[in-house]
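Quick caveat: nothing in here was measured; it's all calculated off a predicted structure.
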Amino acid sequence: MPKCSVGRLCIAAAMSLVCMGPGIGTVNAEDVPMDKIDAMREALAKYKDPYVAVRDLYLSTVGCVHYDGSKMEGHLDYPKGGMGIHFVNLTVQGPPDPMKPNVLIYEPVGGKLQLVAAEWLVPLAAAKERPSLFGQPFQGPMEGHEPLIPQGFHHYDLHAWLFKDNPLGMFSPTHPDITCEDAEFSLLEMPTKLVPEQQ
């Protein structure tokens with residue numbers, strides 16, 4: 001189990017749908033109306049307490065994900081840095097809702113979890129075109145991220161670093177200052193393979 005404040009509630013029941021995505025170009029926070037960013041932060045602030053997230057069916061995938069900056073042809077580009085521990089809500093479906101992300105992302109710090117980002121994912125099979133939020137296109141489409149999700153789970157995703165300023169941009173897939181040093185389960189992921197878009 002990770003060293004986190006939710007103890008045994010940090011379960012892995014949602015491992016099959018955690019998503020961690022790369023970037024195809026980012027939009028700066030200043031390009032998104034500040035009132036919309038503030039509204040998202042206000043709506044999600046209650047999840048700074050991971051117990052509240054678990055009660056609302058955001059379930060921990062346990063592993064703290066990070067990347068070493070490796071580049072591979074035909075794969076997405078993840079700048080060196082971390083993502084953290086993903087809490088996935090399998091009940092959130094349909095078009096991306098800014099106020100209801102599929103995923104909450106926590107950084108393990110000193111034995112506790114700190115909310116740092118939100119993430120939205122859309123299965124490729126459910127997307128007629130590339131999704132976007134606030135003018136920012138989702139990353140992908142990509143394979144699933146082994147070992148946390150099946151390789152065959154093709155999807156788009158988008159991160160927003162709402163609770164920890166990111167020098168790489170609000171919508172970067174990774175954060176250079178996120179580490180997994182305080183996590184019991186650290187996962188060094190390799191770049192995810194791109195897949196063709198739906199025709």
Side-chain angles (χ1 to χ4, degrees), residues 2 12 14-29 31 60-88 96 101-108 116-162 164-199:
M15 278 188 177
S16 63
L17 279 183
V18 66
C19 84
M20 301 144 287
I24 59 169
T26 59
V27 171
N28 293 325
D31 295 327
S60 174
T61 59
V62 178
C64 183
V65 176
H66 60 105
Y67 293 83
D68 64 7
S70 296
K71 298 183 185 300
M72 300 171 62
E73 184 176 354
H75 294 66
L76 289 155
D77 181 20
Y78 295 85
K80 183 177 181 180
M83 287 184 186
I85 299 172
H86 295 66
F87 279 50
V88 183
N102 312 76
V103 183
L104 301 171
I105 302 176
Y106 293 83
E107 179 183 17
V116 290
E119 184 178 0
W120 294 260
L121 70 84
V122 176
L124 178 59
K128 295 181 179 179
E129 59 185 8
R130 181 183 299 277
S132 65
L133 279 179
F134 308 121
Q136 170 64 38
F138 277 46
Q139 295 88 22
M142 69 196 85
E143 292 182 343
H145 305 269
E146 294 283 2
L148 290 182
I149 64 173
Q151 186 178 26
F153 181 71
H154 297 173
H155 65 283
Y156 296 95
D157 64 30
L158 181 70
H159 295 74
W161 297 92
L162 297 169
K164 184 164 184 169
D165 289 342
N166 190 336
L168 300 178
M170 172 169 282
F171 300 105
S172 170
T174 57
H175 194 304
D177 299 327
I178 296 285
T179 74
C180 294
E181 293 177 358
D182 287 347
E184 185 172 348
F185 296 103
S186 177
L187 292 175
L188 176 62
E189 294 281 337
M190 297 306 293
T192 308
K193 187 177 181 180
L194 290 162
V195 299
E197 296 195 57
Q198 299 275 28
Q199 298 298 322

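Looking at every heavy atom in both residues, Leu133 comes nearest to Leu158 through CB-CD2, 4.0 Å. Here the closest non-hydrogen pair linking Met142 and His145 is SD-NE2, 3.5 Å. Considering every non-hydrogen atom in both Phe171 and Ala160, the closest pair reads CE2-CB, 4.0 Å. Between Pro196 and Leu124 the shortest heavy-atom distance is O-CD2, 3.6 Å. For Met83 against Val116, the heavy-atom pair with the smallest separation is O-CG2, 4.3 Å. Contact record, Leu162 with Ala118: CD1-CB, 4.2 Å, taken as the closest heavy-atom pair.
Remark: Lys71 pairs with Asp77 by the side chain to side chain donor-acceptor pair (under 3.5 Å) rule, at least two apart or across chains. Under the ring pair (Phe, Tyr, Trp, His ring centres under 6.0 Å) criterion, His175 pairs with Trp161, sequence neighbours left out.
Heavy-atom neighbours of Asp165 CG from other residues, nucleotides or ligands within 6.0 Å: at or below the threshold of 12.
Proximity of Pro176 to Asn166: side-chain heavy atoms (C-beta onward) are separated by under 4.5 Å at one or more points. Residues Leu188 and His66 form a side-chain contact, since some pair of their non-hydrogen atoms from C-beta on lies under 4.5 Å apart. Between Pro191 and Leu76, every side-chain heavy-atom pair lies at or beyond the 4.5 Å cut-off. Pro131 is not listed as a side-chain neighbour of Trp120, based on a closest heavy-atom distance of 4.5 Å or more. Residues Pro141 and Arg130 have side chains in contact (heavy-atom distance under 4.5 Å, counting atoms from C-beta outward). No side-chain heavy atom of Pro96 sits under 4.5 Å from any side-chain heavy atom of Ser132. Taking 4.5 Å as the limit, some side-chain heavy atom of Glu189 sits within range of a side-chain heavy atom of Pro147.
Between Tyr78 and Tyr67, the gap from one ring centroid to the other is short of 6.0 Å.
Glu143 and Gln151 form a side-chain donor-acceptor contact under 3.5 Å, judged by distance and modelled atom types alone. Remark: the His86 side chain and the Thr61 side chain contain no N/O donor-acceptor pair separated by less than 3.5 Å.
A distance of 12.0 Å separates CD of Glu184 from SG of Cys64, quoted to the nearest 0.5 Å.
Of the residues Ile178, Ile85, Thr179, the one that meets the side chain to side chain contact (heavy atoms under 4.5 Å, CB included) test with Pro108 is Ile85.
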